[in-house]
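Sequence lines set the chain letters: A, B, ... in the order given, protein chains first and strands last, and positions in each chain run from 1. Values reported hereafter were calculated over all heavy atoms of this structure, with side chains retained and with hydrogens, waters and symmetry mates removed. Every value quoted in this text rests on a predicted model; they were computed, and no experiment measured them.
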Number of protein chains: 2
Amino acid sequence: MLLTPGWEANSNEPQYAQLYAYLKKEIAEGKLPENTRLPSVRKLADLLGLSTTPVEMAYQQLLAEGFITSRPRSGYYVEHLPEPEAKPLASQSAAAAVIERPLLRDSRQYEYDFHMSRNDFSLFPYVEWRRLYNQTLVLEQQDDLFFGDPQGEPGLRKQIARYLHQYRGVDCSPNQVVVGSDQFGMLSLLSLILKPEYPQIAVENPGYLLFARTFTHHGFEVKPVPLEYDGIDIGELHRSGARLAVVSPSHQYPRGMIMPISKRLQLLDWAKTVDGYILEDDYDGEFRYHGRPIPSLQGLLPKANVIYMGSFAQVVAPALCIWYMVLPESLLDRYYALVSETLLEQSASRLHQRTLETFMEKGLLEKHLRKMRSLYRKKHDESIRAVHEHFGDRAVLYGKDAGFHLLLRVDSPYTEQEMRELAIQAKVRISPASFTWIQPPAETHKEFFLGFAGIPLEKIEPGIRALAAAWLH
Amino acid sequence: MLLTPGWEANSNEPQYAQLYAYLKKEIAEGKLPENTRLPSVRKLADLLGLSTTPVEMAYQQLLAEGFITSRPRSGYYVEHLPEPEAKPLASQSAAAAVIERPLLRDSRQYEYDFHMSRNDFSLFPYVEWRRLYNQTLVLEQQDDLFFGDPQGEPGLRKQIARYLHQYRGVDCSPNQVVVGSDQFGMLSLLSLILKPEYPQIAVENPGYLLFARTFTHHGFEVKPVPLEYDGIDIGELHRSGARLAVVSPSHQYPRGMIMPISKRLQLLDWAKTVDGYILEDDYDGEFRYHGRPIPSLQGLLPKANVIYMGSFAQVVAPALCIWYMVLPESLLDRYYALVSETLLEQSASRLHQRTLETFMEKGLLEKHLRKMRSLYRKKHDESIRAVHEHFGDRAVLYGKDAGFHLLLRVDSPYTEQEMRELAIQAKVRISPASFTWIQPPAETHKEFFLGFAGIPLEKIEPGIRALAAAWLH
DNA sequence: ATGGATTTGTCCGTATGTATG
DNA sequence: TCATACATACGGACAAATCCA
């Protein structure tokens, strides 16, 4: 059996490995049937002109994987394999059939990119961040390479609590802050905590689809609640029967309205009444361009039934993958129970957490935030100016003075689909807002997201001019 | 009303902010009731000895937050606030009641730390990693700061596919590889994909509790299936009725057995028969100390119904937070559907992904892995030697030759609880294995995890000597 | 049936070429 | 450049199983 030529030739592979592979194949293909006794180590070594070691190593490996058994001082015997000939073992070099993944990101080349959630990284503090990261990753602090606090680094949570208090009026202690790497993960956590007691959740319609979709997938019954001019319809919210609600009070997505204080109090009152919770989505709360930031809903009343959620994606960079939420004290017990039951580990890199902590501690975040706000304000103002100049009274803008996009309602003779194609022809990247409806109304307007954060300042005016030329007639 | 003294004194706060805060407080406390007309901008500015600008800014801010409304050419009027006196607004400096979190990590000081899943970072390639990270984070590659591919960076996925093929015998293309930041997140993803069709899941008993617990929380019915001497009981698996199973074939957790090839084939056959999936947990597959690594179950047969899961936590460091799984092609459609429906973003830092990609590309991972394997082998061998020396025939070791821990079964006159306390008194950190039972059997042995990876080599022998002295009599 | 010779798995010390630092 | 470490391969030693006169 073993004198098959050719297996000794390629000498870059060690002998024992070649012998192992050969025997494995013979057994798998049934050429060496069950209970066959293999030649003894010495015999085979002699036969092959080798020492016993490589033969022994090959046998040991087959033994570890269960192809053969050893009866000491008797011999090695082939094990029983179920249905050997029906199932050839996979060749190591089998070429996997290539399945093409669907196109998830639009990678076409545009001259003017008004995509709604792009960032401008020209002002990113590269030097400082590299320096702080390098200071974090040193031999003397080996522990930072290990698993950290599942809730997030204590020092970072302290900084976040301080920052949120100062910039967003959030009222919390560091042990209410939970750090994570992404929104999906945090929502999964929340789902596991809340689902048993709160199987329904109300969302704004129109609103950020991620919430509706993610909670649906987690088994919640999602109740779309219509917006009024000043935010979610509290009456409808009561009638929905839900005891959970996701809202974006500081700058509603997508329509950009600020929820007035009276409605905020009604909303908090609703949560108390139904003994439920509000999930406050504060994705762009720091970015308000005229006047001070709108303080968060969370800090409006003490012990409010609010879960506050935010991230450093916009303030620093998405690639850090650091998100946070602030849990009300009434949910902490359930959170800790989940952590210990599921052996949950922190998902945001400890190195980045520690780097960010120092970054904040040294006041660099405030400094960077000021620069970014100023840059985005310029782009915001220029966008509005350019729309007025080129669209005149053929367009209305919603959601001004904050965030990273404007909502542009256009009076155009074309359909939305036609407008999309015309924009592409004009090399302008811009998304319609129609997809933000969970339940579309009978009549929709032609509305588009004009994202101004990612596009260079000097391209705003020509981009909008190109859009107006394409759409108006 | 406005001549309240004291509000002008502290001049580090801008005037408009002071005015805004003062008016907000007055309104919230009901001292300025609904529909009260505020003084006009000019009047108030005169009264306070200010220009109109700060007054107007304060009014604009109150307006934006909905405390007041503007009637053009008439004046600003206080809005209706529900139940004002019943709910005082939260003081900005309210001291939140401090809820103590439960002690999740044992932080006592031990002389000998045999905790099962610690790492040794003395050989971490600090210099190389810093260098590669710094090369990744540069102005010229701004895009790396933005959101990346939700599935993981294509370059990294390519490297992972290559690496898994070479080191673990995994047979896949890069588009079957899904990157994530943590195990919980990946399991959440899988749960959403699989739960509708596969509401039950079988787990090894004893086994890694994380799986049982996490899937239970995600609404699965978890079926514990007993182990045989060579791995999960296939007959019981059939009888469980489940069509999903989590197994660790290369090095079972916690008992360390290697699933032999015949059982592997039976297991794959089971998956085909019930048209289900095996989740292969390969948490330490790279670390085999004598002989070659055991190839993965995933690559044993072409197109096997196996989801393979691994991470860089052990090979590089947990703090990177980079995990991966390899999906069978039959699940790719469902995965992509979920990604686009829930607007899923990648949770592992793009900067770390890119750094790791280069790290692998340059062959540094292989190099580092060799070093780590060698280091851990020394500790592994020394642990076995020391146990033989100090325990003699009073202890048996399971799960040798691989991974990061040994299972130590001790013949001791003490109960498990007494042994735990004796270990602590001897300044030894060691965990019992009893908690790995999902359903504990009638009779359990006194078994402990002897984690050897994290403890310094020279502390192994004295640590085990101390243990033997404490436990034996 | 038996005792000695042989065969066998297993263990161990050593040598060599290559890669590493 | 040189010293070291490592994977691989070699040959021998031991004791138990097997075989045979």
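Among the protein residues, B:R373 comes within range of no part of the nucleic acid, since none of its heavy atoms lies under 4.0 Å from any strand. Nucleic acid contact for B:S374: sugar-phosphate only, since backbone atoms but no base atoms lie under 4.0 Å from a heavy atom of the residue.
Atom CG in A:L62 sits about 13 Å away from atom P in C:dT10, given to the nearest Å. To the nearest angstrom, P of C:dG9 lies 10 Å from NZ of A:K43. Here C:dT10 presents its P atom at 13 Å from CG of B:D401, a figure rounded to the nearest Å. Summarising the geometry, the separation between CZ on A:R73 and P on C:dG9 is reported as 10 Å, rounded to the nearest angstrom.
In this model, the phosphate group of C:dT7 is not approached by any side-chain N or O of A:Y76 to a distance below 4.0 Å at OP1 or OP2. At C:dT10, one or more side-chain N or O atoms of A:Q60 fall inside 4.0 Å of OP1 or OP2 (strictly under the cut-off).
A side chain to side chain donor-acceptor pair (under 3.5 Å) with A:Y20 is found for exactly one of A:K25, A:E65, A:Q61, namely A:E65. Of the candidates B:R264, B:Q252, B:H251, B:E228, B:R264 is the only one forming a side chain to side chain contact (heavy atoms under 4.5 Å, CB included) with B:M259.
Sorted by residue number, the members of residues 358-370 of chain B with any non-hydrogen atom under 4.0 Å from DNA chain C read B:K367, B:R370.
Once you apply a 4.0 Å limit to the heavy atoms of chain B, the touched nucleotides of DNA chain D run 5' to 3' over D:dC6 to D:dT8.
Residues B:F452 and B:D120 form no side-chain contact, since every pair of their non-hydrogen atoms from C-beta on lies 4.5 Å or further apart.
Remark: B:R255 qualifies as a cation-pi partner of B:Y398 under the 6.0 Å distance and 45° angle criteria applied to the six-membered ring.
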